[in-house]
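Here the structure comes first, spelled out in structure tokens, and everything after it is commentary.
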Amino acid sequence: MQDQNPEIYFVIIIGIVLGLLLVGFIVTILFLYQRRKYRQEQELAKLKDTYDREALRSQLEIQENIFKTISQELHDNIGQMLSVVKLSLSVLPLEKDHPAYEPLQQSRIVLNKAILDLSDLTKGLHTDRIAELGLAESVRFELAAVKKAGIIDTTCTVTGSEFPLNAQKGIFLFRIFQELLHNILKHSQATRIIVHLTYSLDGIFTMEVKDNGIGFDLEAKRNTTAASSGVGLKSLMNRSKLIGASLSIESEPGKGTAVYVRLPPQAE
């Protein structure tokens, strides 16, 4: 029996070693599997992100082409027809004592306003004009139109010397501003909008859009947006991400809203 003890010990040791090797092999296989799975998930996420970015880019390019076409059609067709009507009214031989004289004057005033409003609308839609004027002037023009309409008080300030932005980035930033402005007019019940554009010496561009409206619960809004087909905040985030900009929002119920868009230099 004593002679068999070394053999039993040897078998036990061999069994333990084999068991440890088997456990190590299984652990290694599981580790490699998890690592490969993680890499695949990362690659799929990267592919999905690339696809989403390209889909969004194509969607926005199509949208810009539609805006440009609508702007041109409004200017060439409706604008010209209104001008013809204005000219026709101006040559009517009516004396001041004629019963239709005052209604005609009012019609001329309304028609002039319609022509000016249409002109402002086409300027805001036309991509080439936005690129030609530059971002700061386009923002000023849009705010001036809102202020002129008596809808809300607006202020626009610029810090630093304006440097040229990539044409596509400039247009995207302007569309982000337009969407923010639309949201303020539609939802905020604000009486004042303050926009501040900063052109830093290090090439960083920042756009701040603030209002004194009713504000909102940001976390609740994010949760709502996540379940609403990517509209609202998600749309703004996607537009910003597409040009390499960051977008942050500060808001509380009853305390207004502030949106900050930051575009670093050489952002792609």
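The structure displayed is predicted, hence computed values, not measured ones.
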task = Please test Phe25 against Leu20 for side chain to side chain contact (heavy atoms under 4.5 Å, CB included), starting from the C-alpha separation and ending with a verdict.
result = CA-CA 8 Å; Phe25 176 75; Leu20 292 174; over 6 Å; no
Where [X] and [Y] come nearest, the two heavy atoms and their spacing:
{"X": "Asn212", "Y": "Ala190", "answer": "OD1-CB, 3.4 Å"}
{"X": "Gly244", "Y": "Pro264", "answer": "O-CD, 3.4 Å"}
{"X": "Gly215", "Y": "Ser251", "answer": "CA-OG, 3.4 Å"}
{"X": "Cys156", "Y": "Arg140", "answer": "SG-CG, 3.9 Å"}

Checking Leu263 against Lys169 for the side chain to side chain contact (heavy atoms under 4.5 Å, CB included) test, could you report, in this order, the C-alpha distance in whole Å, the side-chain angles of both residues, the deciding distance, and whether it holds? CA-CA 9 Å; Leu263 180 70; Lys169 292 181 176 67; 4.1 Å; yes
Would you say the side chain of [Y] lies within less than 4.5 Å of the side chain of [X], judging by non-hydrogen atoms?
{"X": "Ile204", "Y": "Pro265", "answer": "yes"}
{"X": "Leu165", "Y": "Leu135", "answer": "yes"}
{"X": "Phe31", "Y": "Arg35", "answer": "yes"}
{"X": "Ile176", "Y": "Val261", "answer": "yes"}
{"X": "Phe174", "Y": "Glu142", "answer": "yes"}

Inset, instruction - Following the transitive rule for hydrophobic clusters with a side-chain heavy-atom cut-off under 4.5 Å over Ile, Leu, Val, Met, Phe, Trp and Tyr, establish whether Val209 and Tyr199 coincide in one cluster. - result: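 Same cluster.
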Checklist entry - Do Phe163 and Val158 share a hydrophobic cluster, counting only Ile, Leu, Val, Met, Phe, Trp and Tyr and linking them when any side-chain heavy atoms are less than 4.5 Å apart? => result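 Yes.
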Rounded distance [0.5 Å steps], [atom1] in [X] versus [atom2] in [Y]:
{"X": "Ile243", "Y": "Lys241", "atom1": "CD1", "atom2": "NZ", "result": "13.5 Å"}
{"X": "Arg175", "Y": "Gln178", "atom1": "CZ", "atom2": "CD", "result": "4.5 Å"}
{"X": "Leu185", "Y": "Leu180", "atom1": "CG", "atom2": "CG", "result": "11.0 Å"}
{"X": "Ile16", "Y": "Leu21", "atom1": "CD1", "atom2": "CG", "result": "12.0 Å"}
{"X": "Phe177", "Y": "Met207", "atom1": "CZ", "atom2": "CE", "result": "7.5 Å"}
{"X": "Phe141", "Y": "Lys148", "atom1": "CZ", "atom2": "NZ", "result": "8.5 Å"}

With Thr154 as partner, the option from Leu181, Ile194, Ile184, Leu143 fulfilling side-chain contact (heavy atoms from CB on, under 4.5 Å) is Leu143
Exercise for the section: Before accepting this row, confirm whether a basic side-chain N of the pair Lys210/Glu250 lies closer than 4.0 Å to the acidic partner's carboxylate O. Expected result: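 No, no charged N to carboxylate O under 4.0 Å.
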Q. Should Asp211 and Arg192 count as an ion pair when the cut-off is N to O under 4.0 Å?
A.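 No.
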Worksheet item: Are Thr206 and Thr198 close enough, and set up right, to give a side chain to side chain donor-acceptor pair (under 3.5 Å), and what steps lead you there?
Response: CA-CA 5 Å; Thr206 306; Thr198 303; 5.4 Å; no
Please report the C-alpha distance between Leu247 and Tyr260 in whole Å, then the side-chain angles of each, then the deciding distance to 0.1 Å, and finally whether the side chain to side chain contact (heavy atoms under 4.5 Å, CB included) criterion is met.
CA-CA 6 Å; Leu247 185 146; Tyr260 303 90; over 6 Å; no
Exercise. I would like to know whether Val195 and Thr155 meet side chain to side chain contact (heavy atoms under 4.5 Å, CB included); could you show each step before the answer?
Key: CA-CA 6 Å; Val195 178; Thr155 301; over 6 Å; no
Is it the case that atom CG in Leu18 sees more than 12 heavy atoms from other parts of the structure closer than 6.0 Å?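 Yes, CG of Leu18 has more than 12 neighbouring heavy atoms, counting only those of other groups under 6.0 Å.
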> Is there a donor-acceptor contact under 3.5 Å linking the side chains of Ser188 and Asn183?
Replying inline: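 Checked: Ser188/Asn183 side chains show no N/O donor-acceptor pair below 3.5 Å.
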Hits for side chain to side chain donor-acceptor pair (under 3.5 Å) against Thr159, two or more places apart or cross-chain, chain-then-number order -> His196
